[in-house]
Amino acid sequence: MALPAPAFRGTVAFSAAESRVQLHEGVAIFSSMITQAVVLVFVWVLARSLLPVAVFGAIIFSMFTFGQRVLNEAAYIRVDHKLNELYLASPLTPESYFLGIAVGVLVAYLGPTLLLVALAALWVGFTPALALELLLTATAVWLFSSSLGYVLSTLFRDMRAIWSYAAILYNLFGVLPPVFYPVGLFPAPLRPVALVLPPSAAADLLQNALHPGVLTPGEVGLAAAALATASLGMFLFALVWARRTAQEA
Amino acid sequence: MPTDALAAQEVRKTYRTRGGPAVEALSGVSMTVHAGERVALLGRNGAGKTTFLKIAATLLRPTSGSVSVFGHDAIRAPDEVRPMIAVVPQEGKPFFHLTPREQVYSYLRARGLTRATAKAKAEQALSEMGLTEVADRLSINLSGGQRQRTMVATVIATSAPLLFLDEPTIGMDPFARRSVWESLRALTRQGSTILLTTHYLDEAEALSDRLYIVERGRVLIEGTAASLKQGIGGSLRVSVADGARLAQQFASFGSCVTDGTTLHVLIEPPRLSELLDVAVRAQLTATVGPVTLEEAFLRAVGRSIDEE
């Protein structure tokens, strides 16, 4: 779907403001890494050989939780600050408004995730192919998660409800499936489910890159297709949704 | 550019709530705002002012009716309208982790202004709103009035052709309110058009060229403050404390409007002493003053603007 260039007018300026806002939340940025850090410590203590898998899983989980930040932020500035009205009734397009929040959150929260990338490079070492696969899968997860977060943010009128649902959603799909642990430990009958959920699809593709043969060629195809479809599909849906909800029914 | 900044025809809006009854917020509102005018929507809480403003500002779809902004369809072609407008949302707050200077500047940049223009306009707006001293303080550390002034500064800095301001001076002290009024007057002198909602009668009277009194989703009266006051049948208002119970006795002097237990009698000066005699004989306290917009509102709506 070709979108006209003016659809993204104002994105850079708005995302810069959004990043500046987010960067004031030092504790939030620190706390965004708590789950990943705790899991890595557990793995270090209990099964050190699984650390490479867990570190790549932590990177993917971080990218996935950016969507939770987008959900919280978009809902907060709409429900509490009413700033969506200020920005949407302006030349800034609805698409730019959505992307501005998503990119702003990404820029602010990316730093700690890059530390995980550095850890992965130290422990595993990167081949160009692995680096490229990490970049592609992480980007796809971010695109899916941020898009989902923005769409969900438009459905709530109460911040307390959002916090509860967001915690369930992002932990259920980010922690329970084989993101931090080997896909081989996941119940075999449920593997297809894990391979179509974007966070576990991305993590499992990376596991297969680290340890070729973990996934069958068919499973690689399924995971790659599911990840690409989910991320691009959700992103395009979020663009359409952003425009539609800019003028409430 | 068309001479009508805003033209609305028979705008209706019904909110449908899950499991609850449908609520008709607007019941066929029509109005016109000419280019360069300052027009106020005056009404009690829940009268439908904000709903209308949001529809006109492309933020809400009406159930039926049409709205055009400078000749562009605000409902079907919002992208054509949005570059020409700016909105101060009701109870809006600036980003708490931006300073007023950052807030205004970044908003102008997001609207597409160049760095230099955005910087110059931001400084001017902050100065007009008396925010220069706190311009580098995070908004989270500002008072409610200062935050509201930041919101107004953000919008007036745009010099957009049509500005929508939803209760723009709420929470401000009297000096700040007057600064806002003066800035809005200056903007219209420079060619902008302003549609604001307020439930401050003095604000509507001081600021608007014309006003619409809105009640239960309908426009009850439209006119200038002066014409609305002239239309209520007297140039003086005598407020008789506890006089409501004797309304029939005072009815012969002129139009009577009750506000709780107080009776407001609207009369012409020649009959003033006669009315005061009646009040004194009944041992009631009466105060005399010029007719204000409050009486016009009471007369039109049947109750005070502050009455829930």
Side-chain angles (χ1 to χ4, degrees), chain A residues 3-29 73-74 76-101 103-105 108 154-155 157 242-249, chain B residues 13 15-16 50-51 53-63 69 74-76 78-99 102-115 118 138-140 147 151 154-155 158 160 162-164 166:
Chain A
L3 287 159
F8 299 103
R9 179 178 53 208
T11 303
V12 173
F14 181 49
S15 64
E18 187 55 44
S19 287
R20 200 173 298 140
V21 170
Q22 296 290 328
L23 284 167
H24 277 281
E25 301 278 7
V27 175
I29 292 172
E73 177 66 6
Y76 180 63
I77 62 182
R78 180 176 65 84
V79 174
D80 196 77
H81 284 237
K82 310 276 174 66
L83 281 172
N84 62 319
E85 296 179 18
L86 180 76
Y87 282 96
L88 290 172
S90 83
L92 185 81
T93 64
E95 294 85 358
S96 295
Y97 178 73
F98 149 54
L99 273 178
I101 295 173
V103 173
V105 167
T154 62
L155 305 178
R157 292 180 185 273
R243 174 157 291 276
R244 187 175 163 185
T245 52
Q247 199 174 24
E248 284 181 63
Chain B
K13 179 65 184 178
Y15 290 106
R16 302 195 185 281
T50 296
T51 296
L53 201 82
K54 286 173 93 169
I55 290 170
T58 77
L59 294 166
L60 184 67
R61 279 191 289 274
T63 306
V69 171
I75 298 155
R76 284 167 197 83
D79 278 356
E80 294 173 12
V81 170
R82 287 171 181 153
M84 296 185 283
I85 63 174
V87 176
V88 175
Q90 187 179 40
E91 295 177 0
K93 298 173 210 158
F95 280 115
F96 281 173
H97 289 116
L98 290 184
T99 66
E102 290 171 336
Q103 168 72 50
V104 180
Y105 173 80
S106 65
Y107 178 68
L108 296 177
R109 290 284 292 141
R111 288 183 69 103
L113 273 65
T114 63
R115 285 190 178 86
L138 289 180
S139 294
I140 197 168
R147 288 176 189 165
M151 293 300 289
T154 304
V155 164
T158 65
L162 176 57
L163 303 177
F164 297 100
D166 199 349

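For the pair A:His24 and B:His97, the tightest heavy-atom approach, listed with the atom from each and the gap, is CD2-O, 3.0 Å. Considering all non-hydrogen atoms of both residues, B:Ala57 and A:Ala89 come closest at O-CB, 3.6 Å. Residue B:Lys13 comes nearest to A:Ala249 through the heavy atom pair NZ-C, 3.2 Å, listed as atom of the first residue, atom of the second, then distance. The nearest pair of heavy atoms linking A:Lys82 to B:Gly92 is CB-CA, 4.0 Å. Closest approach of B:Thr58 to A:Gln247, counting heavy atoms only: O-CG, 3.3 Å. Between A:Pro91 and B:Arg111, the closest heavy-atom pair is CD-CZ, 3.4 Å.
In this view, B:Phe96 and A:His81 satisfy the ring pair (Phe, Tyr, Trp, His ring centres under 6.0 Å) rule, not counting sequence neighbours.
The aromatic rings of A:Tyr87 and B:Tyr107 stand perpendicular to each other, their planes meeting at an angle above 60°, with 30° marking the opposite boundary.
In this structure, OG1 on B:Thr154 lies 8.5 Å from CG on A:Leu83, to the nearest 0.5 angstrom. With rounding to the nearest 0.5 angstrom, the CD atom of B:Glu91 is 10.0 Å from the CG atom of A:Asp80.
If you measure heavy-atom distances from B:Pro89 to chain A, the contacts under 4.5 Å come from both the backbone and the side chain. With a 4.5 angstrom heavy-atom cutoff, B:Pro62 does not touch chain A via any of its atoms. Heavy atoms of B:Asp79 lying under 4.5 Å from chain A belong exclusively to its side chain. Contacts between B:Leu108 and chain A at a heavy-atom distance below 4.5 Å are absent for every atom of the residue. Only the backbone of B:Ala74 comes within contact range of chain A, with heavy atoms under 4.5 Å apart.
The closest donor-acceptor contact from the side chain of B:Arg82 to the backbone of A:Leu88 lies under 3.5 Å.
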Q.
For A:Arg20 and B:Leu98: C-alpha separation, side-chain torsions, deciding distance, then whether side chain to side chain contact (heavy atoms under 4.5 Å, CB included) applies.
A. CA-CA 7 Å; A:Arg20 200 173 298 140; B:Leu98 290 184; 3.9 Å; yes
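Side-chain atoms of A:Glu85 and B:Gln90, non-hydrogen and from C-beta on, never get closer than 4.5 Å to each other. Residues B:Val155 and A:Leu86 form a side-chain contact, since some pair of their non-hydrogen atoms from C-beta on lies under 4.5 Å apart. A 4.5 Å side-chain heavy-atom check between A:Glu18 and B:Phe95 finds at least one atom pair inside the cut-off.
The candidate with the highest count of non-hydrogen atom pairs below 4.5 Å against chain A, out of B:Arg147, B:Lys54, B:Arg16, is B:Lys54.
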